[in-house]
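Here is the structure we will look at, set down as structure tokens.
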Protein chains: 2
Amino acid sequence: MSQNEKTCLIRGDAGRTVRAILDRIGSRWTLLIVATLHGRRLRFTELQQHIPGVSQRMLSLSLRRLERDGLVSRTAHAEVPPRVEYELTPMGQTLIAPAITLAEWAAEHNPAIERSQAAYDTRED
Amino acid sequence: MSQNEKTCLIRGDAGRTVRAILDRIGSRWTLLIVATLHGRRLRFTELQQHIPGVSQRMLSLSLRRLERDGLVSRTAHAEVPPRVEYELTPMGQTLIAPAITLAEWAAEHNPAIERSQAAYDTRED
DNA sequence: CAGTATCCTATTCGATACTG
DNA sequence: CAGTATCGAATAGGATACTG
């Protein structure tokens with residue numbers, strides 16, 4: 001299968017799928033949460049401490065969405081005070097690899113992108 | 001390098017980079033434009049025809065951002081009526097592979113995600 | 001043809017306060 | 001501890017009209 005055919009995954013019928021995924025992982029905190037949960041289970045407060053800047057509200061909303069998508073599992077222990085633990089589901093773990101691919105691209109090309117932006121902006125001034 | 005170390009690409013200092021990238025490709029039309037330009041150069045109107053639902057405004061804004069990032073090049077021919085052609089830069093072409101990786105993940109797991117969502121929603125009713 | 005400008009709506013997100 | 005509710009600011013995005 002050529003790369004050009006594969007590109008249809010983004011453009012074609014599956015394109016709606018890709019948009020649906022990007023609507024999720026494109027959300028500010030989602031990918032960060034998945035990466036933070038990689039290889040361990042954490043409580044709500046622990047997650048919040050590992051992810052600087054996330055508000056209770058956004059952490060809650062993002063976790064609920066990830067749970068609904070079946071990427072993260074939520075385990076509430078019947079204790080006082082309450083204890084809730086989050087971890088990646090098997091499907092959630094499969095997202096790690098593509099996420100890393102994207103991250104490596106980002107890390108590799110970011111310097112060039114920033115140079116391009118700077119050049120563009122000085123031209124436009 | 002272990003996958004756990006690589007995950008730091010998402011969480012660590014490079015994490016800001018990843019967010020910067022996601023702020024771009026996470027934008028509704030960006031990835032679609034890149035995929036549409038894969039292997040060919042197209043004019044503004046042609047792009048609009050290939051990407052159903054995109055408004056002039058969003059196509060323009062997205063192209064300007066991609067151009068600023070150095071992922072797309074814009075060539076204006078000095079003619080009447082004006083003719084402007086867009087194509088991927090070499091760096092823009094390197095984005096195709098990671099995008100496909102993500103798209104393949106999306107295509108493969110979307111059925112399971114939709115089942116999970118349906119199950120979650122009926123539970124919550 | 002290839003845009004930009006303007007207006008308006010919807011969604012996202014942060015801050016704060018409150019609860020089982 | 002682990003959230004939800006509410007409010008307001010910022011941003012994204014669509015529709016329409018106008019221009020070099």
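On a predicted model such as this, the values are computed, not experimentally measured, just so you know.
If you measure from atom CG of B:Leu22 to atom C1' of C:dT12, you get 16 Å, rounded to the nearest angstrom. At whole-Å resolution of the value, CD in A:Gln56 and P in C:dT12 are 20 Å apart. With rounding to whole Å, A:Phe44 atom CZ is found 17 Å from C:dG20 atom P. Atom CD in B:Gln48 sits roughly 10 Å away from atom P in C:dA2 (whole-Å rounding). One interatomic measurement links the two molecules: NE2 of B:His77 to C1' of C:dG3, which rounds to 16 Å at whole-angstrom precision. Between A:Ile25 atom CD1 and C:dT12 atom P the separation is 16 Å, expressed in whole Å. Note: CZ (A:Arg65) to P (C:dT11) measures 13 Å, nearest angstrom. Atom-to-atom, CG of A:Leu61 to P of D:dA2 comes out at 17 Å; the value is rounded to the nearest Å.
In this structure, A:Leu59 is a member of the same hydrophobic cluster as A:Tyr86, with clusters built from ILVMFWY side-chain heavy atoms closer than 4.5 Å.
The distance from atom CD of A:Glu46 to atom CD1 of A:Ile51, rounded to the nearest 0.5 Å, is 11.5 Å.
Between D:dG3, D:dC1, D:dG14, one nucleotide has an atom nearer to the side chain of B:Ser55 than all others, and that is D:dG14. Nearest to the side-chain atoms of A:Met58 among the listed nucleotides D:dT4, C:dG14, C:dG3 stands C:dG14. Out of C:dG3, D:dT4, D:dG14, the shortest distance to the side chain of B:Arg28 is found at D:dG14. When distances are taken from the side chain of B:Arg43 to each of C:dA5, C:dA2, C:dG14, the shortest belongs to C:dA2. The side chain of B:Pro82 approaches C:dC1 more closely than any other nucleotide in the set C:dC13, D:dA2, C:dC1. Comparing D:dT4, D:dG13, D:dG3 against the side chain of B:Ser27 picks out D:dG13 as the nearest.
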- Message: Using the rule given for side chain to side chain contact (heavy atoms under 4.5 Å, CB included), can you reason through A:Glu85 versus A:Leu42, listing the C-alpha separation, both sets of side-chain angles and the distance that settles it, and then say yes or no?
- Response: CA-CA 5 Å; A:Glu85 291 182 313; A:Leu42 293 173; over 6 Å; no
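Within the 4.0 angstrom heavy-atom criterion, base atoms lie near B:Arg57. Residue A:Arg83 is classed as a sugar-phosphate contact, given heavy-atom separations below 4.0 Å to backbone atoms only.
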- Query: Using Watson-Crick and G-U wobble pairs whose two distances are both under 3.5 Å, how do you write the pairing of DNA chain D as dot-bracket, with | for links to another strand?
  - Reply: ||||||||||||||||||||
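Looking only at atom types and distance, the side chain of B:Arg83 has no donor-acceptor partner in the side chain of B:Thr75 under 3.5 Å away. No hydrogens or angles considered: a donor-acceptor pair under 3.5 Å links the side chains of B:Arg65 and B:Ser27. Defined by atom type and a distance below 3.5 Å, a donor-acceptor pair is present between the side-chain atoms of A:Thr7 and B:His38.
Judged purely by atom type and a 3.5 angstrom limit, A:Glu5 uses its side chain to pair as donor or acceptor with the backbone of A:Ser2. Under a 3.5 Å cut-off, the side chain of A:Thr89 and the backbone N or O of A:Leu71 do form a donor-acceptor pair.
Between A:Tyr86 and D:dC1, a side-chain N or O to OP1/OP2 separation shorter than 4.0 Å is absent. Contact annotation: B:Ser60 reaches the phosphate of C:dT4 (side-chain N/O to OP1 or OP2, under 4.0 Å).
Nearest-nucleotide mapping onto DNA chain D: of B:Trp29 and A:Arg74, the residue sitting toward the 5' end is A:Arg74.
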